[in-house]
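As structure tokens, the structure follows; a few thoughts come after it.
Convention: sequence-line order gives letters A, B, ...; per-chain numbering from 1.
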Number of protein chains: 2
Amino acid sequence: MADEQDASNSTSPTIYDVARACGVAASTVSRTFSRPGRVNVETADRIRRVAAEMGYRTNTVARALPTSQTALLAMVVPTVPDRFFIEVIRGAKAAAIAAGYTLVVADAGLSADAERAAVNRLIPVVDGVILAGSLLPDSSIRVAAKQRPTVVLNRAMTDVASVLTDSADGMRQAVEHLTALDHRELTYLAGPEASWSDGMRWRSFKVETQRLGLRARRIGPIAPTQAAGMAAASTFAEQMTSGVIAFNDFIAVGFVSGLSRLGVRVPDDVSVIGFDNTAAGFSNLPLTSIAAPLPHLGGQAVRTLMRQIAAARPGRPDAPGAVRPTRLPAQLVVRSSTAPRARRDSNAPGSGERAA
Amino acid sequence: MADEQDASNSTSPTIYDVARACGVAASTVSRTFSRPGRVNVETADRIRRVAAEMGYRTNTVARALPTSQTALLAMVVPTVPDRFFIEVIRGAKAAAIAAGYTLVVADAGLSADAERAAVNRLIPVVDGVILAGSLLPDSSIRVAAKQRPTVVLNRAMTDVASVLTDSADGMRQAVEHLTALDHRELTYLAGPEASWSDGMRWRSFKVETQRLGLRARRIGPIAPTQAAGMAAASTFAEQMTSGVIAFNDFIAVGFVSGLSRLGVRVPDDVSVIGFDNTAAGFSNLPLTSIAAPLPHLGGQAVRTLMRQIAAARPGRPDAPGAVRPTRLPAQLVVRSSTAPRARRDSNAPGSGERAA
DNA sequence: CACGGGCCGACAATCGGTTGCCAAAACTAT
DNA sequence: ATAGTTTTGGCAACCGATTGTCGGCCCGTG
């Protein structure tokens, strides 16, 4: 008894301690926890009871050595998460817990190098990695994917699993919405050049405006911040269009304040649509935005990852060749930053060649 | 040669593979990396070169088993991080990397139970834990601290290391600022009841107002969101004071919009001060706020943790008895949400018993 | 030339589980 | 009662590092 007190006092008990206390072999204790049906119910009950009494908790790092499974999932996000990723993380976390995994979040710093460092640090310790808004080139991502199951978010890759919002369809909805409001000339406020999403959105913007026979302009690249959006307003003022679609809500919100500073009113003079629906209740003007199903995005990423982890178990060490991206629907949320085009078409400076 | 190809192909090389390739014992390879001077320079160089060629990377979980050191630090934050924690995390991350550690962030869900679960999952895998804005009762924190070095943020504890902003002094600066502007009646917009910080701030508020002979009111508890802050404006309107200090900037920003909706102008009619300085450029009105040195807070937490980890190494398993909280200075940042008290004192409904 | 001391590398135990294989025990069927 | 099958628990070999201990080698000095 004194002996057991001492043991429990110094370090936490191991399966060997439990085994000795129960008069069974350590392997039996191990199986009691890891292989449910394998041990006689009575024996298992007794072991469980004693283990609980002794305060036994299985040492996850010891377990990870032979099985190379840590029940940890890593999600790497650019620098520190903004509203967008917050929602994604929420969904991912729920899905991870549901699957018996723990999700840890690491921020990637601001450079590709810092991100690579973060990934390298984490990869040996986790069972899978979700790369969200990665700054890494495709080749680096492939390297990571070769070592651990990997899923990329909002970025299409042919040889690494990916989950993304159908922003092309979101863009279609946005452009059609503006068209229905009689806007015939649209400007796209572009995001950072390095952003994969931005390229995607701009491409869709061109496709849709062309399809509907609209005039399309583009301003940018613009950093994804309110300040940069605000600054972009003056560039825009030199040659205005009645409809504007921004790379994301941060830019859109800043842009709207920039316009109001210039005396241009939203939505009276200009209709503005953002992306990602992250600005709800952010500024005074409720912003029309293309909403991505953020938590679903995260959840889906985790589920895709889990499938890969399960598949990697038996023989195949990696790359199942080509994989098709999972595409989740976007939805336009109409608020009060969009309105029918005003009839009068002078008033604003440089309103230029409007088609009457 | 074909043999080595196969080996490197299937799984990543181990020290044994490197040792065989070099014709030395595995222990020598191990020491080459962990105990610099212990191995002959030539031998070490050769081993390092071969290891690099083979792409050897030390398996951190295997290393963690005998040493029980994972070089991982966990920071647990309530639900998903807002602007406040984003800055704290940034500072903590930098400090962790500087010390050769990796910081992982886990969100605690919304309940104490979820937080406990998160902590329990993480504790066996990390070398130390930082609890930020924890919802846990002191007793649970003590339990965690008994298992791993632990530091709590913005919460004073006598037997667990803590790092916190000197919000009492921040409150003093805020109240003195308002006094200097001739405000004689102040309202405190209280945050969530469970919040340790809120209790602290309210207490300081009372102390300071009393010291300066001001009238003090309190409204709340209010959820730390803009929406809740906005809603609080109508309660406030029933009995206004010319000066207001809010639990944090979210509440303050919402409160200001709520006031403007009611036709009360800031800072003309009411001066408002927030806490944490997280609303920079958030709304149209630059908010006067009590700024905490957020990144320093995170960095200091990590450094405190590292000291504990180092101390825990030799003999002492835990609790060094009583520890004094580390207090970091707060600073009032004056912007345009505060102004001298207006002379006229009717106009607003229920402006009540003003003294003069 | 012999002896003491440093330096260096190897052996083997250990961290705490997991799991393939085997044998004893219990049960079923003939 | 015997042979055949299924449970069930134990033995021991891993997983990939770390580290205490020991013996061999080389050097210097008496």
Side-chain angles (χ1 to χ4, degrees), chain A residues 7-8 10-48 50-51 54-72 123-125 127 147 313-314 317, chain B residues 7-8 10-48 50-51 54-72 123-125 127 147 313-314 317:
Chain A
S8 74
S10 57
T11 63
S12 54
T14 71
I15 47 171
Y16 295 96
D17 299 324
V18 176
R20 198 170 340 110
C22 289
V24 298
S27 55
T28 306
V29 177
S30 172
R31 280 193 264 259
T32 299
F33 294 110
S34 52
R35 193 94 52 205
R38 182 64 170 69
V39 174
N40 188 327
V41 191
E42 289 172 32
T43 319
D45 274 351
R46 186 162 46 93
I47 291 176
R48 259 188 287 270
V50 173
M54 300 177 69
Y56 167 76
R57 293 189 38 77
T58 128
N59 177 329
T60 51
V61 8
R63 188 217 297 280
L65 190 44
T67 61
S68 60
Q69 302 228 125
T70 58
L72 285 178
I123 266 198
V125 185
D127 289 348
Q147 305 181 55
R313 193 75 70 77
Chain B
S8 76
S10 57
T11 62
S12 53
T14 71
I15 47 169
Y16 296 97
D17 300 324
V18 176
R20 197 170 340 110
C22 290
V24 299
S27 55
T28 305
V29 178
S30 172
R31 278 193 260 260
T32 299
F33 295 110
S34 52
R35 196 78 36 117
R38 181 65 170 70
V39 175
N40 188 328
V41 191
E42 290 174 30
T43 319
D45 275 350
R46 186 160 49 91
I47 292 177
R48 257 189 289 271
V50 172
M54 299 177 70
Y56 167 76
R57 292 189 38 76
T58 130
N59 177 328
T60 51
V61 7
R63 188 218 298 280
L65 189 45
T67 62
S68 61
Q69 302 228 128
T70 58
L72 284 179
I123 267 197
V125 185
D127 290 348
Q147 304 181 54
R313 194 77 70 78

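Atom OG of residue B/S68 and atom CG of residue B/D127 lie 8.0 Å apart, to the nearest 0.5 angstrom. Between the CG atom in A/N40 and the CZ atom in A/R46 there is a gap of 9.5 Å [rounded to 0.5 Å].
Residue-to-nucleotide proximity on DNA chain D shows that, of A/V24 and A/Y16, the 5′-proximal contact is made by A/V24. The residue among A/A26 and B/T67 whose nearest nucleotide of DNA chain C is located toward the 5' end is B/T67.
Here B/T43 lies in heavy-atom contact (under 4.0 Å) with sugar-phosphate atoms only. Nucleic acid contact class of A/S30 (heavy atoms, under 4.0 Å, all strands): base. Nucleic acid contact class of B/T60 (heavy atoms, under 4.0 Å, all strands): none. Residue-level contact check: A/S27 touches the bases, meaning some heavy atom is under 4.0 Å from a base atom.
Running 5' to 3' along DNA chain C, contacts with non-hydrogen atoms of chain B at under 4.0 Å begin and end at C/dC8 to C/dG16. For DNA chain D, the outermost nucleotides in 5' to 3' order that have an atom under 4.0 Å from a heavy atom of chain A are D/dT8 to D/dG16.
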Show every donor-acceptor pair shorter than 3.5 Å between a side-chain atom in residues 24-32 of chain B and any protein atom, with sequence neighbours excluded, or say none if there are none.
unit_1, atom_1, unit_2, atom_2, d
B/T32, OG1, B/T28, O, 2.7

List, one per line, each side-chain donor-acceptor pair under 3.5 Å for residues 56-65 of chain B, sequence neighbours excluded.
unit_1, atom_1, unit_2, atom_2, d
B/T58, OG1, B/R63, NH2, 3.2
B/N59, OD1, B/V61, N, 2.9
B/N59, OD1, B/A62, N, 2.9

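Two residues are said to be in side-chain contact when any heavy atoms from C-beta on lie closer than 4.5 Å; A/I47 and A/V18 meet this criterion.
The terminal axes of the helix from C/dC1-D/dG30 to C/dT30-D/dA1, fitted over 5 pairs per end, subtend an angle of 40° to the nearest 10°.
At a non-hydrogen distance threshold of 4.0 Å, A/R38, A/V39, A/N40 from residues 32-42 of chain A come into contact with DNA chain D.
Looking only at distances, no side-chain donor or acceptor of A/D45 sits under 3.5 Å from a matching main-chain atom of A/E42.
Taking all atoms of both residues into account, the shortest heavy-atom contact from A/S12 to A/D17 is O-OD2, 4.4 Å. Minimum heavy-atom separation, B/M54 to B/P13: O-CG, 3.4 Å. Taking all atoms of both residues into account, the shortest heavy-atom contact from A/P36 to A/S34 is CD-O, 3.3 Å.
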- Could you walk me through whether A/V125 and B/L72 pass side-chain contact (heavy atoms from CB on, under 4.5 Å), step by step? CA-CA 10 Å; A/V125 185; B/L72 284 179; 3.8 Å; yes
